[in-house]
A.B. asks: 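Have a look at this one before I ask anything.
Note on naming: letters A, B, ... go to the chains in the order of the sequence lines (proteins, then strands), and numbering restarts at 1 for each one.
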2 protein chains.
Amino acid sequence: MDDRAPRAATGRAKRGARVTIHDVAKASSVSVTTASQALSGQGRMALATRERVKAAAKALSFRPNAIARALLKQRSFTIGLLTNDTYGRFTLPVMAGISEALVDRGVSVFLCSVERDPVIGQSHVDAMLEKQVDGIIASGKRLDSRLPVDLSGVDVPVVYAYCEGPEGSVGFVSDDGQGARLAVAHLVDRGCRRIAHVTGPEDFAVVHRRAEGFAAALAAAGLAPVRAEPLIGDWSEAWGFAAAGALLEGPAAPPDAVFCGNDQIARGLIDALTLRGLRVPQDVAVIGFDNWEIFAAATRPPLTTVDMNLKDLGRHAGLTLLDLVEGRPVSPGIRKLPCRLVVRASSG
Amino acid sequence: MDDRAPRAATGRAKRGARVTIHDVAKASSVSVTTASQALSGQGRMALATRERVKAAAKALSFRPNAIARALLKQRSFTIGLLTNDTYGRFTLPVMAGISEALVDRGVSVFLCSVERDPVIGQSHVDAMLEKQVDGIIASGKRLDSRLPVDLSGVDVPVVYAYCEGPEGSVGFVSDDGQGARLAVAHLVDRGCRRIAHVTGPEDFAVVHRRAEGFAAALAAAGLAPVRAEPLIGDWSEAWGFAAAGALLEGPAAPPDAVFCGNDQIARGLIDALTLRGLRVPQDVAVIGFDNWEIFAAATRPPLTTVDMNLKDLGRHAGLTLLDLVEGRPVSPGIRKLPCRLVVRASSG
DNA sequence: TTCGGCTGCGAAAACGTTTCACCAAACTGC
DNA sequence: GCAGTTTGGTGAAACGTTTTCGCAGCCGAA
């Protein structure tokens, strides 16, 4: 069929005169009831009739009005994604996962950035609720912080993704402990025996989770950490750079591997090691955390790192929200999703 | 008023029984007409009546159903944002600007990532149109590439933001030439006379725009470039690092300033200069492009760089789309929005 | 007293879809 | 030939708003 025919048909009246199911019904000489059923596969009718309606719909390039359907069905096939992660480091993969999981079920996503402002946040939530979202996903940049909005009173389902929710809520987080164990096990496999841990600020929950996983994996391998405590700093390259000095300059023997709390720290550490004439990974193997490609792939050598599978996390959050929306039973609680190790050259 | 009263009222029936304007009308013993007009400030009625209705609405925590309104008014107060910038480097600031400009006008934004796949893209566009978006903003990661979807046939207004649109469309891009001139003028002001330009691949339009701006600003200052042509490479730190060698090892005198095509190149260049014992900015001043905070603030010294004001660009795109939606005249064409220079330590 | 204008409010239509209830005709078995 | 069933289809209500129109009742003026 000529692709331009429908165009012409659409433009039959003044701009903005959308083609409705009434037009389709008229064009195929049936009632709107029959037209609706023909297109949705419901109802009983002669096959010929159904085909005729479908052909007419196609010829008119009929697009069902989701707004009208939503009004009737009390279901908008729309969800809201709230985030305080302005920079998008964590939210975007989550968003991509949600979108990917829901697009073929006809669900669209409102994205709202709430920053730190409860007033802005509340106005976004109000707008979502007025637009009759079927559910809300709250997503953050820290596992252990809450969004500046109160979602306890809303009458649609809420799922939390990579952020903290209230007691009894449904949430998804990465299993940072497992990620850390993965990293350490990999280093041990590679023959490393003196492994250090350089990480971020103590007030981040992930710092403790990763440190616990680090300690557990060492213990499981029968090894003692090269330092009694992880080296605590901030999440920056500068700290990684400085930490190298602290690790090498003590009286103790230097480590043969370092597990870093994030990729930036690993980057700084590798720079410092290289500057001191140490080879990565031959002298010291290094593993990061986050798999932030722009860093992990740009370090020299490319960085082995733990990927939190945030896209997967988003997918799970989306599908679970759909379960809640459609009334399927979902038990409350926080689900930890496994991380995966991305092996590159920095670990040998 | 006790905050819990409305809650109880809302929950008067089974879960999900939303409170409608009929409930408000009944509670204040008026017709729905009067209730609607009382709340919207329209119509004529006794002040007492209006106040009574408003009080009832508040007590019931009435939230007007935007879906119903949209169906009637043929206006959903919803727009779609299409992007192929999976990583979010450019889209997120644009998105933030759009959202910021439109939230207080009651407009919400559907975000759709179309990657490179025309099929996915088309399905997202279809979903948006079915949901009756008032307009679409197409946004990309390159000024000179198009989204993998054809928006020429859609019957809602389209605005392009940081991506290329078809002839006669409305678009917003950053004025990279002006940004480059800003950078060079700043260097000249600081006393630099031998200025080089290290930039990205030639098939990017921005490479040429920035190079033109660079050349124009040098000419305006009566200077010749330290190299006849910009140094072309890729957008990586590694290239910046390598470019330092190329700049310093020629027979010509070394530059006293380098204007880089992006922040990553600048980062690599600074690292290489430092390694060679040159001081930034005393020996060589360096300016980047993009103001990607994670890089610009982490270089040592912190990087002076050109910010494309993408948030502003988003704001303009959003407001212009609103103009189109509401029928105000908008002349077609590409509007260039000015960049701004963010001065940090790397330029003196 | 009648007429016009103003005030305060309500009835009903409209937006586009889905679905329940129903109906006429044709067909079936006996 | 007739009761019962199947086939193929339609009418109308419903979702929650907004808006146009109209209708009483009242007031002031002629």
A.B. asks: Measuring only between side-chain heavy atoms, which start at C-beta, is B:L39 closer than 4.5 Å to B:V53?
C.D. replies: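 With C-beta onward as the side chain, the pair touches.
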
A.B. asks: Using 4.0 Å as the upper bound for N to carboxylate O, is an ion pair formed by B:R75 and B:E326?
C.D. replies: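 So B:E326 pairs with B:R75 through a salt bridge.
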
A.B. asks: Within the structure shown, what part of the strands sits under 4.0 Å from A:T49 by heavy-atom distance: base, sugar-phosphate, or nothing?
C.D. replies: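 Here A:T49 touches the backbone only, sparing every base.
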
A.B. asks: Given the rule in the side-chain hydrogen bond (donor to acceptor under 3.5 Å, both in side chains) test, do B:T34 and B:S31 qualify, once you have shown the distances and angles that lead to the verdict?
C.D. replies: CA-CA 5 Å; B:T34 304; B:S31 68; 3.2 Å; yes

A.B. asks: Atom CG of A:L72 to atom P of D:dA12: distance rounded to whole Å?
C.D. replies: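 Roughly 18 Å, once rounded to whole Å.
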
A.B. asks: If I take atom CD1 in residue B:I67 and atom P in nucleotide D:dT17, what distance separates them, rounded to the nearest angstrom?
C.D. replies: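 Those two atoms, CD1 and P, are 11 Å apart.
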
A.B. asks: Parallel, tilted or perpendicular: which one describes the rings of A:Y162 and A:F90, with boundaries at 30° and 60°?
C.D. replies: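 Taking A:F90 first and then A:Y162, their aromatic rings lie parallel (interplane angle under 30°).
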
A.B. asks: Please determine if a side-chain N or O atom of A:K73 lies less than 4.0 Å away from the OP1 or OP2 oxygen of D:dA14.
C.D. replies: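 No, because none of the side-chain N or O atoms of A:K73 sits under 4.0 Å from OP1 or OP2 of D:dA14.
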
A.B. asks: Would you mind checking if A:D323 and A:R328 are paired as a salt bridge, meaning a charged N to carboxylate O distance below 4.0 Å?
C.D. replies: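 The answer is yes: the pair qualifies as a salt bridge.
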
A.B. asks: Please report the distance, rounded to the nearest Å, between CD1 in A:I21 and P in D:dT10.
C.D. replies: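 These atoms are roughly 12 Å apart.
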
A.B. asks: Indicate the atoms forming the closest heavy-atom contact of B:M128 with B:G80, along with that distance.
C.D. replies: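 That would be CE-CA, 3.4 Å.
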
A.B. asks: Return yes if a side-chain donor-acceptor contact under 3.5 Å exists between B:D150 and B:S152, otherwise no.
C.D. replies: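 Yes.
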
A.B. asks: Between A:Q37 and B:A35, which has a closest nucleotide on DNA chain C that is more 5'?
C.D. replies: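 In this pair, the answer is B:A35.
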
A.B. asks: Tell me, please, the opening and closing nucleotides of DNA chain C, 5' to 3', among those with an atom under 4.0 angstrom from a non-hydrogen atom of chain B.
C.D. replies: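 Footprint of chain B along DNA chain C, 5' to 3': C:dT7 to C:dG16.
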
A.B. asks: Rounding to an integer number of Å, can you tell me how far A:R44 CZ sits from D:dT7 P?
C.D. replies: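 Distance, rounded to whole Å: 7 Å.
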
A.B. asks: Using C1' atoms of five pairs at each end, report the bend of the helix from C:dT1-D:dA30 to C:dC30-D:dG1 rounded to 10 degrees.
C.D. replies: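 Computed angle between terminal axes is 60°.
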
A.B. asks: Regarding B:R315 and B:D312, does a basic nitrogen lie under 4.0 Å from an acidic carboxylate oxygen?
C.D. replies: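 Looking at B:R315 and B:D312, the cut-off is met.
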
A.B. asks: Atom CZ of B:R18 to atom P of D:dA14: distance rounded to whole Å?
C.D. replies: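 B:R18 atom CZ is separated from D:dA14 atom P by 18 Å.
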
A.B. asks: B:V32 or B:L71: which one's nearest nucleotide on DNA chain C is closer to the 5' end?
C.D. replies: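 Closest to the 5' end, via its nearest nucleotide, is B:V32.
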
A.B. asks: Atom CZ of A:R50 to atom C1' of D:dG8: distance rounded to whole Å?
C.D. replies: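 Result: 11 Å.
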
A.B. asks: Without decimals, in angstroms, what is the distance between A:K131 NZ and D:dT17 P?
C.D. replies: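 After rounding, the reported distance stands at 15 Å.
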
A.B. asks: Would you check if A:V159 and A:F172 make a side-chain contact, meaning some heavy-atom pair closer than 4.5 Å?
C.D. replies: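 Yes, close enough: below the 4.5 Å cut-off.
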
A.B. asks: How many angstroms lie between atom CG of B:L147 and atom SG of B:C112, to the nearest 0.5 angstrom?
C.D. replies: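 Result: 11.5 Å between the selected atoms.
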
A.B. asks: DNA chain D: B:S36 or A:T34, which has the more 5' nearest nucleotide?
C.D. replies: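 The residue whose closest nucleotide sits nearer the 5' end is A:T34.
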
A.B. asks: Looking at every strand, decide which applies to B:R69 at a 4.0 Å heavy-atom threshold: base, sugar-phosphate, or nothing.
C.D. replies: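 Sugar-phosphate: the residue B:R69, judged by heavy atoms under 4.0 Å, touches backbone atoms but no base.
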
A.B. asks: Tell me which nucleotide among D:dA12, D:dT18, D:dG8 gets nearest to the side chain of A:T33.
C.D. replies: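 Out of D:dA12, D:dT18, D:dG8, the nucleotide with an atom closest to A:T33's side chain is D:dA12.
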
A.B. asks: Judged by each residue's nearest nucleotide on DNA chain D, which is more toward the 5′ side, B:Q42 or A:S31?
C.D. replies: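 Closer to the 5' end of DNA chain D: A:S31.
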
A.B. asks: Nearest-Å distance, CG (B:D23) to C1' (D:dT17)?
C.D. replies: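 Roughly 13 Å, once rounded to whole Å.
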
